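Quick caveat: nothing in here was measured; it's all calculated off a predicted structure. Per chain, numbering begins at 1; letters A, B, ... match sequence-line order.
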Amino acid sequence: MSIGEWLFAPFIEFSFMRRALVGCLAMALGCAPIGVFLVLRRMSLMGDAMGHAILPGAAIGFLIAGLSLPAMTLGGLIAGLAVALGAGAVARATAQREDASFAAFYLTSLALGVTIVSTKGSNVDLLHVLFGTVLALDNAALLLLAAIASITLVALAAIYRALVVECFDPSFLKTLGGTGLFGDKGSFVHLLFLALAVLNLVGGFQALGTLMVVGIMMLPAVAARFWAREVWSMIAVAIVIAVLASMAGLLMSYHANLPTGPAIILMAGVLYGVSVLFGFHDSVFMRLIKLPHLNTHPSREGSRS
Amino acid sequence: MIPSNLCLPFLLALGLGMAGIANAAGPLKVVATFSILGDMVKNVGGDHIALTTLVGADGDAHVFQPSPADAKAVADANLVIMNGLGFEGWMERLLESAQYQGKVAVASAGVKAQKMPDDFAEEEGHASSQEQTHDGHGATDPHAWQSLGNGKRYVGNIVNALADADPTNAGDYQARGKTYLAALDQLDQTVKAAFDAIPKRNRKVITSHDAFGYFGAAYGVTFLAPVGISTEAEPSAGEVAKLIKQIRKHDIRAVFVENITDIRLVEQITRETKTWIGGTLYSDALSGADGPAPTYIDMFRHNVKLLTDAMGGR
């Protein structure tokens, strides 16, 4: 088997491989930028929390419409938005940090979800039904992913400047005028960003499953910090890493018989490891070769004295 | 994702608090673990027993979480009847937590246990090392009720268990068991005749969950499945591709969706191969009373009709 065959034959022969690839590309475009901002905001674990937080919404959707994916996804989206925006609002209105209020909100939501599922007495594992897999993308799921990626990119472009400022200096936008939760621009931008994150997560869960979405969102974003300095370039690197991991993971899953979602995320993990070791900025390798230079740096000398 | 291992102890602790002391008066209190077994027990026990079925219609026994009411039912029971063969992985903990002291009857006792079917390797004769390492291969297949021969053995075991637990009504259980066995026997003949009428090379179908190993062995049908033993297992792209190639090569006619697993993967395969989705086969659970498979016998009739229609249709 030639290398070209190894790389392309699976996609030429099987439409499910093409669909999986297209789905992954859409995910990479939408989720990777969101992941970069989550990392900058120190909210890297939001994705996992969201995987639990959507349960009550999915359960209520199930109670109303039975095993209907749109109803359960919509319910999950509403629950996820309530948790994210609630936690964001509390963090803004009080002294509590965002991760703490997030934990409080998502645990409460999870408990509510388990309660609703139990009172109904159904033994169907709702989230198991709700969460899809990479290999089973139908037209509706692909359109959903593409739509989410488009909305995300347009919305991010619109709020990009404010979002970047907000990441590094949350107080700056507040001084520009406006008070109250939605009055100042910073809070509005932040809440809009949270809504985008929830949209990506919940939509992705339905199409691809939790591990895939959270993994594609966070791992490339974390790895990108070792390659780029500016926010825009980090986003670009994150998208490239996500695409590479998707390609490599799908091929590994095809040729080596590995479960697809985990294989893709494992490849993203490998790329993260490479970045930690050999990235351009602050990687282990760069620190090693720069160490002697840093020791004689004038500012270091100055600060020591 | 529900943290099942987290909430189980809490639920059980609750259940224990409420569990009363079993009393001997009234009908025999019997607990059956899942709907198919429950239906068999009901047929044998009739009015002499008060039956509780833990995993109800359309429920998935693989991911079942006992509730306090379930623990109470087990604690109060005079007799617990389970499938065995590793089907109810959660049962041991439930019995222990409910501090159940009574008799546990295993309905599958005496059944010749099969391994989980090794679909690709068996059929194609190209067992590579990768396929052998696939999850679940080599494990015991618990779905023994999917052959009527085994089903009859189940009924025999149930009759004995009920007669032992309630000797005053033993004669009645035996009589009811005999009638039920005759019905199963007749159905078995009908099913065999129906499949015999179809050429062996057409008796190949795909299901989303390989619960039909015993069925296949009993009636000469080959079942291929994209996912291994558990509903939790995630398939690899390589496995799905191999299956699609196989469908194309063997001209498989129909794909069946089980009532409890995600159907999206199956739909993907049918799109890819231009086969058609033949309907819902019931494997691990019965349907509700107004569904197509409310009893064990109805379930068999329903499955056999779907399968023979699909195989003989073209």
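Here B/Arg271 contributes atom CZ and A/Asn139 contributes atom CG; the two are 6.0 Å apart, rounded to the nearest 0.5 Å. Rounded to the nearest 0.5 Å, atoms CZ (B/Arg248) and CD (A/Glu13) are 5.5 Å apart.
With hydrogens and angles disregarded, a donor-acceptor distance shorter than 3.5 Å links the side chain of A/Ser253 to the backbone of B/Ala237.
Applying the 6.0 Å contact sphere to OH of A/Tyr272 captures no more than 12 heavy atoms from other residues, nucleotides or ligands. Atom CE of B/Met91 has more than 12 heavy atoms from other residues, nucleotides or ligands within 6.0 Å.
Of all the heavy atoms in A/Phe16 and B/Glu272, the pair that sits closest is N-OE1, 2.8 Å.
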